2 protein chains.
Amino acid sequence: MVEQQHVTLDRVFHALSDRTRRAMLQRLTEGEKTVSDLAAPHAMSLAGASKHIRVLEGAGLVRRRIEGRVHFCRLEAERLKQADNWLKHYERFWNERLDALETLLREEDEQANGGASR
Amino acid sequence: MVEQQHVTLDRVFHALSDRTRRAMLQRLTEGEKTVSDLAAPHAMSLAGASKHIRVLEGAGLVRRRIEGRVHFCRLEAERLKQADNWLKHYERFWNERLDALETLLREEDEQANGGASR
DNA sequence: TCGATTGTCAACCATTTGGTTTATCGTTTG
DNA sequence: CAAACGATAAACCAAATGGTTGACAATCGA
């Protein structure tokens, strides 16, 4: 089951690694879009765009509702949350440099004087 | 220059889409590791692991310091922060369902009574 | 100096990816 | 009904990916 998590993260990050797909997700923040809507801005065949959407669907980032001949897609952000949760484990590392700087400044402060400010 | 950002995100997300590479990053949270250190847990040739490390480096997620014949790698989390920033644009969407639920509960509350708690 | 160690490079391989084109399916509409 | 429309499927292609092996380069230690 943790195994499945790995596969899921693989799929999510892979889906996000393509600019076209990220743009589609962006577009979906405006609300439901049809496949044609999503395809339109990207200079590529409808079939090509359709494949991208399937990748997003496969990663669980998009859900599809079929109405007649039109397929409506909507953003499914839960998996993005999972990706974000993974990233959160590293949050302290991208704050590290800042932390180090703060520590340094504090030490300098303490060492340099017994009360005077810089 | 925003163009460059796209390419960077492509590389970062692609780097993260592989389980082996994510495990390597995890390992690097413990501190600097040599290429051999990083390769050891993954049933694959050293050359194979080396290629993964290059992908991480190419994405700017790892930096390398060469000392004699040993290559020390360390985590470079800045790019993870960028990925996280991208994801943050979607935060409100994965809170959406919760928001809707809260709204619903509040409405029920207001409608159901004029002061009594549940 | 010689052998072992650390790591890369190059060539190769199977599979996946991102894209195309053409055919087809189901739906809507004139 | 027939034609147009929205979308997928299938076959195909070039390039990238994830992995291998074998040769090599540089360094270290005895």
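Naming convention: chains lettered A, B, ... in sequence-line order (proteins, then strands); numbering from 1 in each chain. Quick caveat, the model's predicted, so the values are computed rather than measured.
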Exercise. Quick one: B:M44 CE to C:dG7 C1', roughly how many Å, whole number?
Worked result: 16 Å
Problem set entry | A:Y90 side chain to B:Q26 backbone, donor-acceptor under 3.5 Å | yes
Exercise. Nearest of C:dG19, D:dT27, D:dT20 to any side-chain atom of A:H52?
Worked result: C:dG19
Exercise. Any donor and acceptor pair, going by atom type alone, linking the side chain of A:R79 with main-chain N or O of A:T8 inside 3.5 Å?
Worked result: no
Exercise. Between A:D37 (side chain) and A:T34 (backbone), is there a donor-acceptor pair under 3.5 Å?
Worked result: yes
Exercise. Are side-chain heavy atoms of B:I53 and B:H71 found at a separation under 4.5 Å?
Worked result: no
Exercise. So what does B:G68 touch, heavy atoms closer than 4.0 Å: a base, only the sugar-phosphate, or nothing?
Worked result: sugar-phosphate
Exercise. Do A:R21 side-chain atoms and A:H14 backbone N/O form a donor-acceptor pair below 3.5 Å?
Worked result: yes
Exercise. Rounded to the nearest Å, what distance is computed from the CD1 atom of residue A:I66 to the P atom of nucleotide C:dT27?
Worked result: 10 Å
For this session: Can you sort out which residues in residues 12-42 of chain B have a heavy atom within less than 4.0 Å of DNA chain C? Ascending by number, please.
Result: B:T34, B:V35, B:S36
For this session: Give a yes/no on whether any side-chain N or O of B:H71 is located under 4.0 angstrom from OP1 or OP2 of C:dT8.
Result: yes
Exercise. So does B:S50 get a side-chain nitrogen or oxygen closer than 4.0 Å to the phosphate oxygens (OP1/OP2) of C:dT8?
Worked result: yes
Exercise. In terms of side-chain heavy atoms of A:R69, which of C:dG18, C:dT28, D:dG19 is nearest?
Worked result: C:dT28
For this session: Figure out the CD/P separation between A:E67 and C:dG26, and round it to whole Å.
Result: 18 Å
Exercise. Quick one: are A:W86 and B:L80 in side-chain contact, heavy atoms under 4.5 Å?
Worked result: yes
Exercise. With side chains defined as the heavy atoms from C-beta onward, is the minimum distance between B:E32 and B:R65 less than 4.5 Å?
Worked result: yes
Seminar exercise, completed: When rounded to whole Å, the CG to C1' distance for the pair A:D10 and D:dT17 reads 13 Å
Problem set entry | Rounded distance (Å) that lies between atom P of D:dA9 and atom CD1 of A:I53 | 12 Å
For this session: Tell me which nucleotide among C:dG19, D:dA9, C:dT27 gets nearest to the side chain of A:A47.
Result: D:dA9
Seminar exercise, completed: To the nearest angstrom, the CG-C1' distance between B:L46 and C:dC9 comes to 12 Å
For this session: Starting from P on C:dC13, measure out to NZ on B:K51 and report it in whole angstrom.
Result: 14 Å
